[in-house]
2 protein chains.
Amino acid sequence: MSDDQSKTTHRPRRVTAQTVAEAAGVSRSAVSRAFTPGAYLDAGKRKKIHEVAASMGYQPNALAAGLKGGRSHLVAVFVGNMRSAYDTEFVMALVGKLNALNKWPILIDGADQTTEQAIQQVLRYPLDALILRGGSMQSEIVTHCSKIGVPMISTGRIVEARGVDNVCCRNADGTGLATTTLIQAGRTRFGFIGGPAQFFSSVGRRQGVESALSKAGLQLVAQADGDFTVDTGFKVATALLKKHSLDALVCANDATAIGALAAARDLGIAVPEALSVVGFDDIEMAGWPSFDLSTVCNPIDDAVERVIGLLEQRLANPSKPSETVLIDPYFVPRGTH
Amino acid sequence: MSDDQSKTTHRPRRVTAQTVAEAAGVSRSAVSRAFTPGAYLDAGKRKKIHEVAASMGYQPNALAAGLKGGRSHLVAVFVGNMRSAYDTEFVMALVGKLNALNKWPILIDGADQTTEQAIQQVLRYPLDALILRGGSMQSEIVTHCSKIGVPMISTGRIVEARGVDNVCCRNADGTGLATTTLIQAGRTRFGFIGGPAQFFSSVGRRQGVESALSKAGLQLVAQADGDFTVDTGFKVATALLKKHSLDALVCANDATAIGALAAARDLGIAVPEALSVVGFDDIEMAGWPSFDLSTVCNPIDDAVERVIGLLEQRLANPSKPSETVLIDPYFVPRGTH
DNA sequence: CCCGTATCTGCCCACGTGTGCACATCATGT
DNA sequence: ACATGATGTGCACACGTGGGCAGATACGGG
């Protein structure tokens, strides 16, 4: 009796197909077939099974199903910087799309110190894919995933490796576009505030500014590195604007630009009359009335759609050659230029 | 031969313990033990196995392990509103903590139309727990989870149901605190902008304002409902400020307050000289130089820590009675009051 | 030499499912 | 009546792992 009690109360064991089969008076196979679209099963029996299953709260165990060799429907999503508004907007959009596809995103914080260990642990699941959003993934991990056959899709940073698909914005084109627009409006004394020096996107965006200026016979008056945050944008822009006389400030992302706007206001520099400020990404808050920031749209919906598309193609054909999709950014004129 | 080829190339099958065992010249059990801390195994043999495993990229399959009856280490996280800055900050913090615990968060977008279906699908996995962040979860789903024995932890909204632990902010205390502070500073003509009318947190926060005013012999001059976004905050605040002469505006969250700040500025109302504006949550951007918003901190780290604590307790003792943990908010004085 | 003990290892079962295969049932055409 | 095809169903296996159980080996004491 003590045994019975411990069995029935201590472990409220999950209801299984066998239990449902007994309750419905059919074989376990029939239950399995009842939940498999396209399987041969008498319509009446299928209905009966579904009723019994619903009353007992039965659902086929996805773990067992995934074990059988099919897809696990689990997708790891590695987020380089969870503090960044663009990355979070991106991830949230991606999560919605994956949910709609019945793929289950496991989120991993890439900024944490224990990330490498976490990735190792999560790779114990037979993942359908690993999606990288920005960040600086250890190449060791990429090699590992490639070895165990987990397809990877990188976005925001191009990873040149076997089995890695890429979706990335034409960063240089984006800042080039913005710079050209400002030049045509008569700006000549340009400053640029980047992200961390080695960051993929920061490098591309800087090049875009320099090359557009160079085509017009101009060059950067001043530049500095930030870290993609508002606070640092504020500090770096303050220092830059105090030291140099600029009439245009191109920032590597919107957060930096928003910091720069506050800096200009505090220094009494009129935007956009005396100074144009443009950002990059077009995060939601760039359009808020408080900022009304002119920026370069790094279209999230496009990118997410392409990521999803690549994922589907990859799952349909695992040996498909790797692909790199480039997304076209476009200038969004608002009130700061 | 064609068979061989299809086996070796078409399906790059996952490397299994059996393969490693053969390569290392040991039994499959030995491989399993090599990855099980505390299991009897010759130290040298364990080392050898680890080396071989590393070279082949072997990791024990977590699906199979979870199937065996232990924990799956998967935790579903249901996010009511992915567009809300507070919710995203909360989720990101939660994700980091779960990662550190080797629990794998599966994110589900609660705002999507297909949410109910998605939840049903994800419940096919034997989840360790389901964490609800805000939103209005169908009670049907709560009942279902309770039936199949998946523990739930709700945060941001108190769910009274069997098997649901709660972590929630003392919303009324928070706005009460802010209101009292403004009264002591001499404010008398109060307005309040809430969230959607039926929202749990909005109701509590409104009550806090009304009760604090009532204690001081005052009452609300004007109030309206928003939807917790900046844009709507701007519109609603504009309407409110045009119609009524207020000297204090309490907003149900920071986004609404940020919209209200822009509205006041556009209407030429000086903040904080002629009007105090306070928000709720203390999201990161409330502290940005552009806003410098006085607000009520709804401490994320505290709440996440309590959620994690409840999760650990629940896993250690599944029959532990449900618990409701209340978090104390506190006023954060900045530049808008 | 024998026995007890401590340490190590292999066999085998259970976990819950999907599905190939063989078989059963039944309607239909000749 | 019999062959044939269509439709439905149960058996049994495989998926990859953890761990219980018993057997093997080594070692030391009597």
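Reminder, nothing fancy here: chain letters follow the sequence lines and each chain counts from 1. Basis for what follows: all heavy atoms, side chains included, without hydrogens, waters or symmetry-related copies.
Taken from NZ in A/Lys103 to CD in B/Gln121, the straight-line distance is 11.5 Å, to the nearest 0.5 Å.
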Test side-chain hydrogen bond (donor to acceptor under 3.5 Å, both in side chains) applied to A/Glu22 and A/Gln18, step by step: CA-CA 6 Å; A/Glu22 285 161 12; A/Gln18 183 65 47; 3.1 Å; yes
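A sub-4.0 Å separation between OP1 or OP2 of C/dC21 and a side-chain N or O of A/Tyr40 is absent. For the pair A/Ser32 and C/dT17, the criterion of a side-chain N or O lying under 4.0 Å from OP1 or OP2 is not met. Regarding contacts with the backbone of D/dG8, every side-chain N or O of A/Lys45 stays at 4.0 angstrom or more from both OP1 and OP2. Distances shorter than 4.0 Å separate none of the side-chain N or O atoms of A/Lys68 from OP1 or OP2 on C/dG16. Considering only side-chain N and O atoms, A/Tyr125 lies nowhere under 4.0 angstrom from the phosphate OP1 or OP2 of D/dG16.
The base of D/dG10 sits within donor-acceptor range of the side chain of A/Arg33, with an N or O pair under 3.5 Å. For A/Arg28 and C/dG18, a side-chain-to-base donor-acceptor distance below 3.5 Å is present, hydrogens and geometry of angles not being considered.
Among the atoms of the strands shown, base atoms are found under 4.0 Å from some heavy atom of A/Ser29. A/Leu63 comes within 4.0 angstrom of nothing in the nucleic acid, heavy atoms only. Residue A/Tyr58 is in sugar-phosphate contact alone, with no base atom involved, counting any heavy-atom pair closer than 4.0 Å across all strands shown.
Nearest-nucleotide positions on DNA chain C for A/Leu67 and B/Ala43 put B/Ala43 closer to the 5' end. With DNA chain C read from its 5' end, the first of the two nearest nucleotides for B/Ala64 and B/Gly25 is the one closest to B/Gly25.
Here C/dT17 presents its P atom at 13 Å from CD1 of A/Ile49, a figure rounded to the nearest Å. Nucleotide C/dT9 holds its C1' atom 18 Å from the CZ atom of B/Phe35, rounded to whole Å. Between the P atom of C/dT19 and the CG atom of A/Leu41 lies a distance of 14 Å, rounded to the nearest Å. Summarising the geometry, the separation between CZ on B/Arg14 and C1' on D/dT17 is reported as 11 Å, rounded to the nearest angstrom. Distance B/Asn61 CG to C/dG16 P: 16 Å, rounded to the nearest Å. In this structure, CZ of B/Arg71 is placed 17 Å from P of C/dC15, rounded to the nearest angstrom.
The minimum heavy-atom distance linking B/Asp87 with B/Gly80 is given by the pair OD2-N, 4.4 Å. Shortest non-hydrogen contact noted between B/Gly156 and B/Phe200 is O-CD2, 3.7 Å.
Put simply, the side chain of A/Asp128 never gets that close to the backbone of A/Val75: no donor and acceptor are under 3.5 Å apart.
Taking the side chain of B/Asp42 as heavy atoms from C-beta on, and the options C/dT17, C/dC8, C/dG10, the nearest nucleotide is C/dC8.
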